[in-house]
Amino acid sequence: MTTQGESVSARSTGPTPSSDSPSSGSPPRPREPGPAGSLPARLTELRDTVRATRFALPLPSAERAGAVAATMVAQLDDYLLPRLERLDAPLLVVVGGSTGAGKSTLVNSLVRTPISPAGVLRPTTRAPVLVCHPADMSWFSRSNLLPTLTRTSGPGADATAHSGSAGLRKDRPGTGALQVVSAQALVPGLALLDAPDIDSIVDANRQLAGQLLAAADLWLFVTTAARYADAVPWTLLHTARNRGTAVALVLDRVPGGGAVNEIGPHLKQMLEEHRLGEVPLFVLPETRLDSQGLLAEAQIGPLRDWLGRLARDSEARAAVVRQTVGGAIDALTVDVVILAAAAEDQVAAAGTLGEAVHQAYRAATESVEKGIHDGALLRGEVLARWQELVGTGDIMRALQARVGKVRDRVVAAITGRPAPGERFQEALGSGLAVLLKAAATDAAERAGTAWRAHPAGAALLDAAPELVHPSDDLDERVGRLTRDWQRAVLELVRTEAGDKRVMARASAYAVNATGLLVMVSVFAATAFIPTGAEIAVAGGTTIAAQKVLEAIFGDQAVRALAERARQDLGERVAELFATESDRFRAALTGAGVDAELSPRLRALSAEIHQARPEVDRTP
């Protein structure tokens, strides 16, 4: 455990300030992403990619990923990109800690003037206060670091516009005010930022404290003898350690009477246990403040001297910056893994939901195919209309005669009674429509049930509850499908009969009547075996239909006609169900799941890792 004079460990050294450094008073250069392929350019691309990312499906990984994404974008904008633009810029030391730790008093004492309000009322720091040497004002008064915070020169705007919530504006979430003041007591190249309490009772204060600490080159963490073991400070210290951020610790308000000899070893042990044993530690005893509310110079002398040496030594200052910048870049790798995994979860969930829809409507298709092939439609009303059309007795007797007699009897029945033919066609179309609507309804319910069992699917259904029912215009589209298919069958027969040799045999038959026979063959293609009294009627009429068609077109042509009609119907059914299932897929597409996000993030992370040495090579 150190008490004074030790610099923060770093991985590299930095440049000597040049004549155009911010400490010389020159304006900062405009921020640019840098040459294509450079580290700033890659980080800018990562920032833009993550900023545009939405984890829309409410999965367990999505909430964490959203928070990680927001933190990543904030640190890239608030710290990494502007700092990489000017590695020789003044050192920003963010003073953070718990409520009542004495942060504002410490900052005031270091600059020897009460520039940040301190007192017993909480929270005292309503908007963050940044104090720097007058030569460095040009850097901090412009929106380089922390660009979302509006710069002010005094507390008046904060008191009136921000109403005590750490400078966060209610009309602009995530933005607020940063009061920037100058003090001759600070050496050039160093700035102190008094942050809100990390455990403030105001949620906006805690959020802003985290944002400011993420934008620090160095954390000056203040705790007290009474609260140094609290969980909240150690959580923040772990974050700093994991990011590679440079840290120094101030133990404030240590009682006299040998308390430091008890607290010191315990705090040192805790630092070692948390892998923070190299963190510089400064101890400030409990004491009375002067008339301005400042600590005596003798008490803060070791800390002020250490900060002064750090600011004046360009190599030491650059080393701190490089340590924190390098650690922040390295930490991006871990964050990218979290985001990429969450993106993969989104894709996997979308795939699961999409497959559930596919399975539901495939089952619907199979149900319709079964209804078409097993002859189920040739029952009930359809069968009654067929009997009315053909006449049972005539057909059964015709089966015992030669095919010509069968043909004559069927033609007479059909051509002499057109009304029963129309009624049969209507009944067949109605039966097909009932089959299709039932299958579509079942599919929507089945897909909805599968989605409701999935957290992402349930959220999508909450936004579009109508998905679990067939589309409103299903009846109209099914009716159009059956009419169009029946017309297509008649056209198919008409086209096939156009051959002169076929026409010679078909001239005695109306094309419409022949089309009805083709439709019967489509719905009795396999194993149509009725039961009971239907055997003599339905079985006989089906065979009669086949015999008549064979007499007209020939055995092979009959099978081809039926198969082409059946295939055409299948294609129309597939198109109908595709339109129905597209409603679910549109909901998935609207969620904005990006299948390319994870590989894009991982590729960017690899490129950033390859460019990482640029931080150490920069002169």
Side-chain angles (χ1 to χ4, degrees), residues 66-68 70-71 73-75 77-79 92-108 114-131 140 143 145-181 191-216 218-224 226-228 230-240 243 245 247 249-250 252-253 293:
V68 169
T71 300
V73 169
Q75 188 170 43
D77 278 338
D78 291 346
Y79 179 69
L92 178 61
V93 180
V94 175
V95 183
S98 302
T99 300
K103 302 183 296 298
S104 298
T105 298
L106 179 62
V107 171
N108 293 339
I115 53 93
S116 187
V120 296
L121 297 179
R122 300 290 175 244
T124 53
T125 303
R126 295 186 174 184
V129 179
L130 186 151
V131 56
F140 292 109
S143 298
L145 296 169
L146 297 164
T148 60
L149 298 182
T150 302
R151 271 45 173 182
T152 67
S153 58
D158 166 57
T160 59
H162 311 305
S163 305
S165 295
L168 292 181
R169 299 179 180 176
K170 294 181 180 179
D171 60 331
R172 294 177 59 196
T175 64
L178 175 63
Q179 180 185 341
V180 182
V181 297
L192 301 176
L193 198 164
D194 185 12
D197 302 331
I198 61 173
D199 56 354
S200 172
I201 59 174
V202 180
D203 183 63
N205 285 9
R206 297 194 303 273
Q207 294 178 12
L208 183 58
Q211 179 186 3
L212 297 177
L213 288 169
L218 169 67
W219 287 18
L220 186 60
F221 210 82
V222 184
T223 188
T224 64
R227 303 192 59 185
Y228 71 89
D230 289 357
V232 173
W234 289 101
T235 299
L236 269 294
L237 288 172
H238 287 164
T239 300
R243 289 178 180 171
T245 305
V247 179
L249 190 65
V250 174
D252 195 13
R253 297 175 182 168

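Just so it is clear, the model here is predicted, and its values are computed rather than measured. Values below: every heavy atom of this structure, side chains too, minus hydrogens, waters and symmetry copies.
The side-chain heavy atoms of Leu212 and Leu149, taken from C-beta on, include a pair separated by under 4.5 Å. No side-chain heavy atom of Asp252 sits under 4.5 Å from any side-chain heavy atom of Leu106. No side-chain heavy atom of Leu178 sits under 4.5 Å from any side-chain heavy atom of Thr152. At a threshold of 4.5 Å between non-hydrogen side-chain atoms, the residues Ile115 and Asp194 do not count as touching. Side-chain contact check for Lys103 versus Leu220: every heavy-atom pair is 4.5 Å or farther apart.
If you run side-chain contact (heavy atoms from CB on, under 4.5 Å) between Leu193 and each of Val129, Leu146, Val93, only Leu146 comes through. Each of Val232, Asn205, Leu236, Asp230 was evaluated against Asp199; a single residue qualifies, Val232, per the side-chain contact (heavy atoms from CB on, under 4.5 Å) test.
A donor-acceptor pair is defined here as one N or O able to donate and one able to accept, closer than 3.5 Å; such a pair exists between the side chain of Arg227 and the backbone of Thr99.
Every side chain to side chain contact (heavy atoms under 4.5 Å, CB included) that Ala240 has, sequence neighbours left out, goes to Trp219, Thr245, Val247.
Atoms CG and CG, on Leu130 and Leu192 in that order, are 8.0 Å from each other to the nearest 0.5 Å. Separation of atoms CG (Leu208) and CG (Leu213) is listed at 9.5 Å; rounding is to 0.5 Å. The CZ atom of Phe221 sits 3.5 Å away from the CD1 atom of Ile198 when rounded to the nearest 0.5 Å.
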